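To start, the structure itself, in structure tokens.
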Amino acid sequence: MKSEPDVYSIDHLAAEPNQTDYWDGIRNYQVRNFMRDVMQVGDRAFFYHSNCKVPGIAGTMSIVRSAYPDHTAFIDTEKYYDPKSDPNNPRWLMVDVKLESKFPRFIALSELRRQEVLADMLVLRRGNRLSVTPVTENEWNHIVSMVENS
DNA sequence: GCCAACGTTGGC
DNA sequence: GCCAACGTTGGC
């Protein structure tokens, strides 16, 4: 799950009560459908820092609430306000996440790209613009081992 | 339903 | 700041 650290970093999440927050601002149908149809409570996710000096993975989270309406779409002062999202039939959804661990060492995108095992990882794919993408068990385990073995 | 124009994402 | 890639919009 990508977030721009200047806007919301892993340290922001760490500072929240119970280290838990809602993941708002998803305005892409593919990602919305993924959250709605695939993500479940108990699933885990990487916290990825995007659009910054050193992009990469900062830690892990778990999903603690499954998809429900993203209320920020209804508020016209919000960055991701969408007048077409009707409160009676919400167009956009969000999930709640809880910080699981901040990695003792940040895993940079450049390092991820050097891993042959991760060659097909969706988030690394050229032209990928989805802010949430699935991770295979192999990819997950490999990245976790990169942290542990460093 | 096609597709050009436009806007956004995000690495570099 | 550049620009490739891709999603969305809207005219037709």
Side-chain angles (χ1 to χ4, degrees), chain A residues 1-16 21-39 43-63 65-136 138-147 149-150:
Chain A
M1 301 176 76
K2 296 181 192 171
S3 182
E4 302 187 12
D6 293 344
V7 179
Y8 195 96
S9 75
I10 196 165
D11 291 326
H12 287 97
L13 180 58
E16 294 292 336
D21 207 350
Y22 54 80
W23 198 271
D24 64 324
I26 299 295
R27 300 292 181 265
N28 171 285
Y29 289 104
Q30 252 182 285
V31 174
R32 180 202 66 183
N33 296 347
F34 179 68
M35 289 198 300
R36 183 188 62 197
D37 303 333
V38 182
M39 283 182 124
D43 284 351
R44 290 187 293 169
F46 290 120
F47 196 124
Y48 181 93
H49 284 180
S50 69
N51 199 20
C52 53
K53 203 151 197 173
V54 185
I57 298 175
T60 64
M61 307 179 277
S62 60
I63 306 302
R65 181 174 174 186
S66 57
Y68 64 104
D70 181 344
H71 65 274
T72 68
F74 311 137
I75 304 167
D76 63 6
T77 52
E78 286 283 340
K79 181 178 178 194
Y80 291 107
Y81 171 59
D82 181 359
K84 285 178 284 190
S85 186
D86 175 1
N88 297 312
N89 184 21
R91 177 176 297 205
W92 302 116
L93 304 173
M94 60 188 182
V95 296
D96 286 357
V97 296
K98 179 180 167 70
L99 181 66
E100 190 177 72
S101 69
K102 181 180 172 178
F103 286 161
R105 173 175 91 79
F106 186 80
I107 306 292
L109 172 60
S110 57
E111 188 177 350
L112 294 170
R113 290 208 188 283
R114 288 198 297 271
Q115 308 292 315
E116 222 164 290
V117 188
L118 305 179
D120 295 327
M121 193 171 177
L122 277 178
V123 73
L124 306 183
R125 201 163 283 180
R126 178 182 178 77
N128 165 61
R129 300 173 57 206
L130 301 177
S131 63
V132 179
T133 47
V135 178
T136 69
N138 266 349
E139 291 162 351
W140 181 277
N141 291 336
H142 183 78
I143 291 167
V144 168
S145 76
M146 289 168 69
V147 177
N149 300 325
S150 58

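Excluded from the calculations below are hydrogen atoms, water molecules and symmetry mates; all remaining heavy atoms, backbone and side chain alike, are included. In this text the structure is predicted, and so the values were computed from the model without any measurement. To find a chain, count down the sequence lines: A is the first, B the second, and so on, and within it residues start at 1.
Protein atom CG of Leu124(A) is 16 Å distant from nucleotide atom C1' of dA5(C), rounded to whole Å. The separation between Gln30(A) atom CD and dG7(C) atom P is 6 Å, rounded to whole Å. Rounded to an integer number of Å, the gap from CZ of Arg125(A) to P of dG7(C) is 13 Å. One can place CG of Asn51(A) at 7 Å from P of dG11(B), the figure rounded to the nearest angstrom. In this structure, Asp82(A) places its CG atom 13 Å from P of dT8(B), rounding to the nearest Å. Separating the CD atom of Glu4(A) from the C1' atom of dT8(B) is a distance of 11 Å, rounded to the nearest angstrom.
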Quick one, Trp92(A) with Phe74(A), criterion ring-ring contact (aromatic ring centres under 6.0 Å, His included). Give me CA distance, side-chain angles, the key distance, then yes/no. CA-CA 10 Å; Trp92(A) 302 116; Phe74(A) 311 137; over 10 Å; no

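Counted by atom type alone, Asp70(A) and Tyr80(A) present zero donor-acceptor pairs between their side chains at under 3.5 Å. Tyr29(A) and Arg91(A) form a side-chain donor-acceptor contact under 3.5 Å, judged by distance and modelled atom types alone. Using a 3.5 Å distance cut-off with no hydrogens or angles, the side chains of His142(A) and Gln115(A) do pair a donor with an acceptor. In this model, no donor atom of one side chain and acceptor atom of the other lie less than 3.5 Å apart for Glu78(A) and Thr72(A).
Within 4.0 Å of Arg27(A), counting heavy atoms only, lies no atom of the nucleic acid at all.
Within the cation-pi definition used here (under 6.0 Å to the ring centroid, within 45° of the axis), Arg32(A) does not qualify as a partner of Phe34(A).
Distances were taken from every side-chain heavy atom of Asn28(A) (C-beta onward) to each of dG7(C), dT9(B), dA4(C); the shortest belongs to dG7(C). In this structure, the nucleotide among dT8(C), dG10(B), dC12(B) sitting nearest to the side chain of Ser50(A) is dG10(B).
Contact annotation: Lys84(A) does not reach the phosphate of dT8(C) (side-chain N/O to OP1 or OP2, under 4.0 Å). The side chain of Lys2(A) places no N or O atom within less than 4.0 Å of a non-bridging phosphate oxygen (OP1 or OP2) of dT9(B).
One N or O on the side chain of His49(A) and one on the backbone of Ile10(A) form a donor-acceptor pair closer than 3.5 Å.
Residues from residues 105-112 of chain A placing a heavy atom under 4.0 Å of any atom in DNA chain C do not occur.
Toward the 5' end of DNA chain B, the nearer of the two residues Arg129(A) and Tyr48(A), judged by each one's closest nucleotide, is Arg129(A).
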